[in-house]
Protein chains: 2
Amino acid sequence: MAIPRAAKTLRRTRIQEEKEEQILEAALDVFSVSGFRGSTIDQIADVAGMSKPNLLYYFRTKEAMHRALIDRVLYNWLEPLRAFDAEGNPESEIRSYIRRKLEMARDFPRESRLFANEMLQGAPHVLDMLKGPLKELVDEKAAVIRAWANSGKIAHCDPYHLIFSIWSTTQHYADFDVQVRAVLGEEHSGDGRFEDAARFLEQLFINGLLPEHARG
Amino acid sequence: MAIPRAAKTLRRTRIQEEKEEQILEAALDVFSVSGFRGSTIDQIADVAGMSKPNLLYYFRTKEAMHRALIDRVLYNWLEPLRAFDAEGNPESEIRSYIRRKLEMARDFPRESRLFANEMLQGAPHVLDMLKGPLKELVDEKAAVIRAWANSGKIAHCDPYHLIFSIWSTTQHYADFDVQVRAVLGEEHSGDGRFEDAARFLEQLFINGLLPEHARG
DNA sequence: GGATAATTTGACCGATTGGTAAACATTACA
DNA sequence: TGTAATGTTTACCAATCGGTCAAATTATCC
């Protein structure tokens, strides 16, 4: 007789690890394209290559699947911002933050779209995280940027909007990938496009933030 | 006896104009949040304050509603880019393009989210428009920007990525509004936030594109 | 006012939705 | 190897989905 699913968490079997992994991978595929409401359990089961009830054996509801997926993806998503270092040199810190965010957009576009979908819907599942941990992290990094500006290392600017603009420009290449491809033409895809974007954005932000005394 | 709906387009009555307007307004509300798949006709009918069959009297399918909505919204959406003037002065053209896009994000956030949703899903309903009219328009404006760079009026840069970055930074304030609000705190909403964003972005793009000879 | 066209509604349809129950199959472990 | 725990499947459910239909209502125009 099957044990009530609440007990499942007491000891995790090999099969549990594998199947949950498999399911979340499929869920990422589906949720990142259609959002929560637009995705169906059947779709996810299809992609995961298992039956719907089997899927529901591991995650009791669609909600639970979505929550598990977001939890698992969230931590890594904020890693680049966490790595942003107050002790470092502003130019190289900003440069490598842009690089890292751009690499994530290239290597984890589904994760980017998952969040974008969530934002468009008003962040019903992650609002607390935005107002809590995310805000705190951004506040901390904004203070760093402000200190750089005050000591003349970069131009005076609103650090929050600077962070927003790095987020938006880099994530754009994941979230609006279709549009970027349509406008540039298919020939400009792959690494060339990535390098062009990186070069442009670094130029934009580095020159855009050059301290006042460094301009003519 | 009701006339076949195909004949409806021959002569449009007052009621038709009003109701179609009412429906598209409601559809914008719903589609912009949940995307095409995630939205239901019942939801839209609810918001529009009319019965589902009545709604389907004006638009025969959900698809038809969505198409009509996108058609209606598209033209205005590209207006700022169309207004981008080759004859003008680069700095003021870029400045006012940013302004205009930011105003649209502020005044028409639902329209912005409608497109964002469409992009995330791979643009199933507007791909031809992206590859056709949009690409042509962007190609044209990119040539203008390139000419400005070649004549030393602005720094050399990839004009396509410049356009992408203006799109993404400005639309971010509509599409990721929840996140922006969560991070800035509710007190920083309204026009103050808009002005801060405009100031920051103008600074970023104007300084970021300052021609090489104008830097120290 | 009456005829006619346009609009609106309630009742309904088959397909799909999220989710369940229980029988069945497999695994882990003594 | 036996058996209890774990995993999988088939069949199913009520609710919701996109959409139809015919009857009822309202607007238009002579």
Side-chain angles (χ1 to χ4, degrees), chain A residues 1-27 29-31 33-69 121 124-125, chain B residues 1-27 29-31 33-69 121 124-125:
Chain A
M1 191 188 300
I3 258 182
R5 274 179 289 215
K8 219 185 42 180
T9 47
L10 291 181
R11 235 189 304 160
R12 288 165 59 87
T13 66
R14 194 203 75 232
I15 295 184
Q16 271 171 39
E17 308 262 6
E18 288 175 7
K19 290 296 168 86
E20 287 176 10
E21 165 67 32
Q22 215 178 112
I23 291 168
L24 291 181
E25 172 68 20
D29 257 23
V30 175
F31 281 136
V33 170
S34 306
F36 183 75
R37 284 224 47 182
S39 303
T40 73
I41 301 182
D42 295 82
Q43 257 180 298
I44 297 170
D46 238 38
V47 174
M50 55 179 92
S51 68
K52 176 167 66 172
N54 195 5
L55 209 152
L56 287 164
Y57 172 74
Y58 293 99
F59 297 96
R60 280 143 81 159
T61 63
K62 191 171 126 176
E63 275 270 345
M65 273 183 43
H66 192 256
R67 190 164 34 244
L69 180 59
Q121 281 154 43
H125 305 98
Chain B
M1 193 187 303
I3 258 183
R5 274 179 288 215
K8 218 185 46 180
T9 48
L10 292 181
R11 233 189 305 159
R12 289 166 58 87
T13 65
R14 194 201 76 232
I15 294 185
Q16 271 171 37
E17 308 262 6
E18 288 176 6
K19 290 296 166 89
E20 287 177 11
E21 165 67 32
Q22 214 177 114
I23 291 168
L24 291 181
E25 173 68 20
D29 256 22
V30 176
F31 281 135
V33 171
S34 306
F36 182 75
R37 284 224 46 184
S39 303
T40 72
I41 302 183
D42 294 83
Q43 257 179 298
I44 298 170
D46 241 35
V47 174
M50 56 179 92
S51 67
K52 177 166 63 169
N54 196 6
L55 212 156
L56 287 163
Y57 171 73
Y58 292 100
F59 297 96
R60 279 143 82 160
T61 64
K62 192 171 125 176
E63 275 271 346
M65 271 184 45
H66 191 256
R67 191 164 32 247
L69 180 59
Q121 282 155 41
H125 305 99

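Within every chain, numbering begins at 1; the chains are lettered A, B, ... in the order of the sequence lines, protein sequences first and strands thereafter.
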Glu18(B) atom CD is separated from dT26(D) atom C1', nearest whole Å, by 14 Å
For Ser39(B) and Lys62(B), work out which heavy atoms get closest and say how close. O-NZ, 2.7 Å
Heavy-atom nearest pair, Gln22(A) first then Ala48(A), reads OE1-O, 3.1 Å
In whole angstroms, how far is the P atom of dA23(C) from the OH atom of Tyr57(A)? 17 Å
May I ask you to test the Met50(B)-Ile23(B) pair for a side-chain heavy-atom distance under 4.5 Å? yes
Less than 4.0 angstrom between a side-chain N/O of Gln16(B) and OP1 or OP2 of dT7(C), yes or no? yes
Distance from Lys19(B) atom NZ to Phe59(B) atom CZ, nearest 0.5 Å? 12.5 Å
Looking at Asn54(B), does any N or O in its side chain come under 4.0 Å of the phosphate oxygens OP1/OP2 on dT9(C)? yes
How long is the span from the CD1 atom in Ile44(B) to the CD atom in Glu25(B), to the nearest 0.5 Å? 12.0 Å
Which pairs, protein N/O on one side and nucleotides 16-19 of chain D N/O on the other, fall under 3.5 Å?
from, atom 1, to, atom 2, distance (Å)
dG18(D), OP1, Ser39(B), O, 3.2
dG18(D), OP1, Lys62(B), NZ, 3.1
dG18(D), OP2, Ile41(B), N, 2.9
dG18(D), N7, Lys52(B), NZ, 3.0
dG19(D), OP2, Lys62(B), N, 2.8
dG19(D), O6, Lys52(B), NZ, 3.3

Please report the distance, rounded to the nearest Å, between CD1 in Ile23(A) and P in dG7(D). 11 Å
Under a 4.5 Å cut-off applied to non-hydrogen side-chain atoms, are Met65(A) and Phe36(A) in contact? no
Determine: side-chain N/O of Tyr58(B) to OP1/OP2 of dT8(C), distance under 4.0 Å, yes or no. yes
When you check the phosphate oxygens OP1 and OP2 of dT8(D), does a side-chain N or O of Lys19(A) lie under 4.0 Å from one of them? yes
Looking at Ser51(A), does any N or O in its side chain come under 4.0 Å of the phosphate oxygens OP1/OP2 on dT9(D)? yes
